[in-house]
Peer 1: 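Here's a structure for you.
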Amino acid sequence: MRARSTFEQELTDLQQDILRLASLTEETIYRAVQFLLQQDAAGANQIISGDVLIDKLAQEIEDKCVKLIATQQPIAHDLRLSITSLKFLVSLERMADYAVDIARATLYIYGYPLNRQLMEYTSKMSRVVQQMIKEALDAYVNNDAQRAREMCSLDDEVDFISAKIFQEAIRAMREKTQPQIVIPAVYFLLISRYLERIADHATNIGEEVIFLITGEKRELN
Amino acid sequence: MIKNNIWRAIINYFFILLIFLAILQFYFFYHLNLGWALLTSFIFALGLGWIFFKQVISPLKKINTVTKAISQGNLNQELPLYEQKEVSQLAQNINDLVRQQKKILAQITAEKNRMQTILNSMTEGVVALDNQGNVLLLNSAVENFLGVTREAYLGKNILNLIRNYDLERAVKQALKSERPITQEFQLIYPEPNFYYLKATPLKNQEQEKEGIVLLLRNITKEKKLDQMRTEFVANVSHELRTPLTSISGFLETLREGAIDDPAAAHRSLEIMSQETNRLAKLIDELLHLSKIEERRVVHRWQLVQLKEIINQVAVTFQPQAQQKSLTLTVEIPVELPSISGDPDLLAQVLTNLVDNSIKYTLPGGQVLIRATTYRDNVQVEVKDTGIGIPPEDLPRVFERFYRVEKARARELGGIGVGLAIVKHIIKAHGGSIKAESIPNQGSSFKVTLPAEVRSEM
Ligand SMILES: Nc1ncnc2c1ncn2[C@@H]1O[C@H](COP(=O)(O)OP(=O)(O)OP(=O)(O)O)[C@@H](O)[C@H]1O
Ligand SMILES: [Mg+2]
């Protein structure tokens, strides 16, 4: 009985840890995009140096999680919870890495003339992506499988805007009058790629939440 | 249980009666009719048992079920009063107790509701957490800040409610500390807002820590104001610096020999005088603005005929308009209600608006001043066919020193306080101003002022 309740406590703690990491990742992505749009080099540097903290936190939680599985040998729902936690960890850490990539890109295009249209598309895309992250995490917090399912449909919008960015970047680069536009255009292409990958990870989290609640495995896109 | 009791009582009665009858028979008849004694004792025992059951056991049974219900929280119970005095007394006492309990409960509920109402009427967010960081209560302000409903988060960890790293760290620290902790943090959802947090330890009567209370204040507006103030200072310094640099530059050229070249000297002096005027104008406007903002302008509050003011301003600007080949027209209905206000300040409003329209309209364009009545308001519109204002700049033109394309406006001699002054004056008059514009087609500024309905103020 006693062993059981400490195990439950450990599981709850693990969930808190995941949420803590999620909060950091969520904020980091928001800030990275914000600094990109505001052309804030100092801010971008902050994001890059902040990644150490995220990696450290993720490592700690992973150790805890592995130890928990090894020593307590959870079954059924508890097992699912432990395994999804591990998967969340990986996704969250990868997402934060993409935020760092965005921050790096911000530094590379710093000082170049920027294409307004590309900025606008990127801003729009980032809003959708952040919405997806939020919905996925909210679904996790509230045990809401329906919400997780709905959130995954936002992925289509991400793809749509991403295609637009592609077109606009190509168009801008073809214009021979402004050769300086090429470098930022290339980086905006990369950034849209990063955002797409972040969205994919958000979708993964959504799928895991559904698996966690219903026990069913399903590809959502 | 009860059945058992009643049989025990009957058996007791039975034996007492049996012994009594037996002794009685020995005493009077010297022989024992056991059959008769048994039967009589049994019948009487049954009767006595029945009375006992009616008067004691059955009421006790009732009391038993009722008190059980009460202990489970159901206070809507009332016991009937019984014949038997002691039992009746007991029932009476229990009824009193229940009534008392009900009253106390009602008081506590009322107190609780009052606290909840107070909490919910606060503009600050309040969240109480237990020692584990789980949510005990939260008020409406928090629900509004976060766009959540409280039921979903009671008993859950704070991280579920507010997913913010800085906040959680502060909470953890506060849970360990005996002293209040403060922290600023930014929430991204539902809108990016800044908050000030104060986490205070929560103690029970024994002075043991039971958790913490979080007080959250939305400080987004203050942050923005702060930023505007910083920008303002930077702007003013810049505005003062530019003419000064130019003046000192030309002074330098004069000193280095230009003074001996009459033509060059003349040109230098010309520019220096222009820049000096610019500085003087800037400082005047700054002083004026700060006076209006601090409401230090002595208002000559009186009934004002807007018609006169409009015509006056139009006449003043007519030469300037003609010079730029603009047509300046005025449209005023015959009946225009008067308003109460300061005529000089209101003239200043129109002057600034018409000045802008003339400044920012290309030759050949039109400027129109039109007054109308709308419900209990007078509306004055200054409309032009000028270069217009891009939509992203439109919300900001009323800020101090805000100019669309600084270089362009500077060429025209603008320093960007005209509309800020207009806005303050209108506000002081209880009115409002709205700007609309389409780039390259024109702009319109609509001033709405409350009409004076009474004859004298
Ligand atoms: N009618 C108009 N048409 C186009 N742009 C306008 C108009 N009115 C204002 N603006 C824009 O709004 C800005 C702010 O106007 P404001 O009157 O406050 O400053 P200003 O005209 O530049 O300087 P000043 O303090 O001398 O009036 C201007 O710089 C101009 O860009
Ligand atoms: Mg002006």
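The sequence lines fix the lettering, A, B, ..., with proteins before strands; numbering per chain opens at 1. If you're wondering where the values come from, they're calculated on a predicted model, not measured in any experiment.
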Peer 1: Spell out, as yes or no, whether a donor-acceptor pair under 3.5 Å connects the side chain of K134(A) to the backbone of I188(B).
Peer 2: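 Such a contact is absent between K134(A) side chain and I188(B) backbone.
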Peer 1: Taking all heavy atoms of L159(B) and all of Q16(A), pick out the closest pair and write down the distance.
Peer 2: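 Result for this residue pair: CD1-O, 3.3 Å.
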Peer 1: Please check if the number of heavy atoms outside K156(B) that lie under 6.0 Å from its NZ is greater than 12.
Peer 2: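 It does: K156(B) NZ has more than 12 such atoms within range.
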Peer 1: Taking side chain as everything from C-beta outward and backbone as N, CA, C, O, which of these in Q34(A) sits under 4.5 Å from a heavy atom of chain B? Side chain, backbone, both or neither.
Peer 2: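 Neither; nothing under 4.5 Å.
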Peer 1: How close do Y189(B) and Q131(A) get, counting heavy atoms only, and between which atoms?
Peer 2: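 Shortest heavy-atom contact: OH-N, 4.1 Å.
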Peer 1: Between L57(A) and chain B, with a heavy-atom cut-off of 4.5 Å, which part of the residue counts as in contact: side chain, backbone, both or neither?
Peer 2: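 Contact with chain B involves the side chain of L57(A) alone.
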Peer 1: In Å, rounded to the nearest 0.5 Å, how long is the span from CG of N143(A) to CG of N160(B)?
Peer 2: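 Rounded to the nearest 0.5 Å, the CG-CG separation comes to 9.5 Å.
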Peer 1: Tell me whether K198(B) at atom NZ has more than 12 heavy atoms from other residues, nucleotides or ligands lying less than 6.0 Å away.
Peer 2: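 It does not: K198(B) NZ has 12 such atoms or fewer within range.
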Peer 1: Under 4.5 Å between any side-chain heavy atoms of Y153(B) and N142(A), yes or no?
Peer 2: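 With C-beta onward as the side chain, the pair touches.
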Peer 1: If every non-hydrogen atom of Q186(B) is compared with every non-hydrogen atom of Y30(A), which pair is closest and at what distance?
Peer 2: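 The pair with the smallest heavy-atom distance is NE2-OH, 3.8 Å.
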Peer 1: Tell me whether the count of non-hydrogen atoms from other residues, nucleotides or ligands lying under 6.0 Å of OH in Y112(A) goes above 12.
Peer 2: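 No, the 6.0 Å shell around OH holds no more than 12 heavy atoms from other groups.
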Peer 1: Can you confirm whether E392(B) is buried at CD, in the sense that more than 12 heavy atoms of other residues, nucleotides or ligands lie under 6.0 Å from that atom?
Peer 2: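 Yes, because the 6.0 Å sphere around CD of E392(B) holds more than 12 heavy atoms from other groups.
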Peer 1: Are more than 12 heavy atoms from other residues, nucleotides or ligands located less than 6.0 Å from atom CE of M115(B)?
Peer 2: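 No, not enclosed.
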Peer 1: Within the side chain of E168(B), is there an N or O that forms a donor-acceptor pair under 3.5 Å with the backbone of R20(A)?
Peer 2: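 Side chain of E168(B) to backbone of R20(A): no pair is present.
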Peer 1: Applying the side-chain contact (heavy atoms from CB on, under 4.5 Å) test to Y165(B), which of L21(A), T25(A), L53(A) qualifies?
Peer 2: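 It is L53(A); the other options fail the test.
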Peer 1: Is the count of non-hydrogen atoms from other residues, nucleotides or ligands lying under 6.0 Å from R80(A) atom CZ greater than 12?
Peer 2: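 Result for CZ/R80(A): enclosed.
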Peer 1: Within the supplied structure, the quantity of interest is the number of heavy atoms (other residues, nucleotides, ligands) at a distance under 6.0 Å from E206(B) CD; does it exceed 12?
Peer 2: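 Counting other residues, nucleotides and ligands, CD of E206(B) exceeds 12 neighbours.
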Peer 1: Looking at L137(A), D138(A), T12(A), which makes the most heavy-atom pairs under 4.5 Å with chain B?
Peer 2: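 Sorted descending by pairs with chain B, the first entry is L137(A).
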Peer 1: When rounded to the nearest 0.5 angstrom, what is the spacing between CG in L24(A) and CZ in R169(B)?
Peer 2: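 These two atoms lie 8.5 Å from each other.
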Peer 1: Rounded at 0.5 Å granularity, tell me how far OG in S23(A) sits from CD1 in I162(B).
Peer 2: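 With rounding to 0.5 Å, OG (S23(A)) is 11.5 Å from CD1 (I162(B)).
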